[in-house]
There are 2 protein chains.
Amino acid sequence: MGYVIDEIDQQIMRLLQHHARMPIVQISKEVNMSQPSVKERILKLEENGVISGYSTIYDLAKLNRGTTTFILLKTEHCEEFVHFCEQAIEVTDLYRISGEYNYLIKVQTATIEELAEFQDSLVKLGPSKSHISMKNIMEHRVLL
Amino acid sequence: MGYVIDEIDQQIMRLLQHHARMPIVQISKEVNMSQPSVKERILKLEENGVISGYSTIYDLAKLNRGTTTFILLKTEHCEEFVHFCEQAIEVTDLYRISGEYNYLIKVQTATIEELAEFQDSLVKLGPSKSHISMKNIMEHRVLL
DNA sequence: CCTGAAAATAGAACCGC
DNA sequence: GCGGTTCTATTTTCAGG
């Protein structure tokens, strides 16, 4: 194996983490290195799969999806459930988990009423347990 | 309120969602619109806070953080717990939730052994319940 | 890993609907 | 208000060392 991420790579990665559209010139200034060198480092991080993509973060409240809920669900119809989640716009995250429940999903709805409707569509698939987020304190942090 | 996101904005947002570094020229070709117009639309989405940022996605396995676990925790020392999470590199997400438990955190560790160590550092803060992710089927999806 | 050129992209000013 | 065209500045890419 062995892709070595050195201190400069980490600096670059910390900058890119929350500023994915930052121009390479600016990154190169911050890490005191020439543009082509920084570009090559980023390219290698991409090629090695350390960087797996660049995403845009949307304010879900502005998209009428401001209510975050985590739902644990136990089902015997796994394929059906996964397929259901893939075409349900409310579901943003889906994990196969260990323990009493099969799956954990993260759901974004406009309101609690809409959440209730979503839960209704879930009951036929199996028992579930919901935890509404009252505050999203931290999200998507990888590096300090 | 009232920021109207039309069909073209949505097209742009769908493109940017998973390709945040895509050049504006390329976006403008895909949506059949001039470069400055696309740029202005993106600027407005940023100004209105619909776009709240651009982030880089890292392969956590490549960073020796490939084990994903969700931990529900009940504590009476909220401030202390939040502060603990903020300085704990393992914690990537932190939510204040309703229900039997106070908080839900997402934790990324190298191995299950490391997870156990992390859990040890948590016991003094209150009772908790862990769900290890055996498969991350979907993450961070907002738009279809 | 750096420098220096050419090429591509982004940004600004202005025009028309 | 919205989008298009042109021109300029910046950034990226590609030589070569």
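Letters A, B, ... are given to chains in the order of the sequence lines, protein chains preceding strands, and every chain is numbered from 1.
Closest-nucleotide positions on DNA chain D for A:V25 and B:D6 were compared, and the one nearer the 5' end corresponds to B:D6. In terms of position on DNA chain C, the residue among A:S34 and A:R21 whose nearest nucleotide sits closer to the 5' end is A:S34.
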When the side chains of residues 24-31 of chain A are checked against the rest of the protein, which donor-acceptor pairs come out under 3.5 Å, sequence neighbours left out?
residue	atom	partner	partner atom	Å
A:S28	OG	A:I24	O	3.4
A:S28	OG	A:V25	O	2.5

Atom pairs and distances, donor-acceptor, side-chain atoms in residues 133-144 of chain B, under 3.5 Å, two or more places apart:
residue	atom	partner	partner atom	Å
B:S133	OG	B:K135	N	3.4
B:S133	OG	B:K135	O	3.4
B:S133	OG	B:N136	OD1	2.6
B:N136	ND2	B:T68	OG1	3.3
B:E139	OE2	A:Y95	OH	2.7
B:E139	OE2	B:K106	NZ	3.1
B:R141	NE	A:V91	O	3.3
B:R141	NH1	A:E86	O	2.6
B:R141	NH2	A:C85	O	3.1
B:R141	NH2	A:A88	O	2.7
B:R141	NH2	A:V91	O	2.8

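Panel note: side chain A:R21, backbone B:M22; a donor-acceptor pair is recorded below 3.5 Å. Judged by distance alone, the side chain of A:D6 and the main-chain N or O of A:I8 form a donor-acceptor pair under 3.5 Å.
Rounded to 10°, the angle separating the first-five-pair axis and the last-five-pair axis of the helix from C:dC1-D:dG17 to C:dC17-D:dG1 equals 30°.
Here A:K39 does not reach the OP1 or OP2 of D:dT12: none of its side-chain N or O atoms lies under 4.0 Å away. A sub-4.0 Å separation between OP1 or OP2 of D:dC2 and a side-chain N or O of B:K44 is present. In this structure, B:R41 does not reach the D:dC2 phosphate: none of its side-chain N or O atoms is under 4.0 Å from OP1 or OP2.
In this structure, the ring of B:F81 has its center less than 6.0 angstrom from the ring center of B:Y103.
Atom-to-atom, CD of A:Q35 to C1' of C:dA8 comes out at 14 Å; the value is rounded to the nearest Å. Atom-to-atom, CD of A:E40 to P of C:dC2 comes out at 10 Å; the value is rounded to the nearest Å.
Taking the side chain of A:M33 as heavy atoms from C-beta on, and the options D:dT11, C:dC1, D:dC14, the nearest nucleotide is C:dC1. In this structure, the nucleotide among C:dA10, D:dG3, C:dC2 sitting nearest to the side chain of A:S37 is C:dC2.
There is no side-chain donor-acceptor pair under 3.5 Å between B:Q108 and B:T67.
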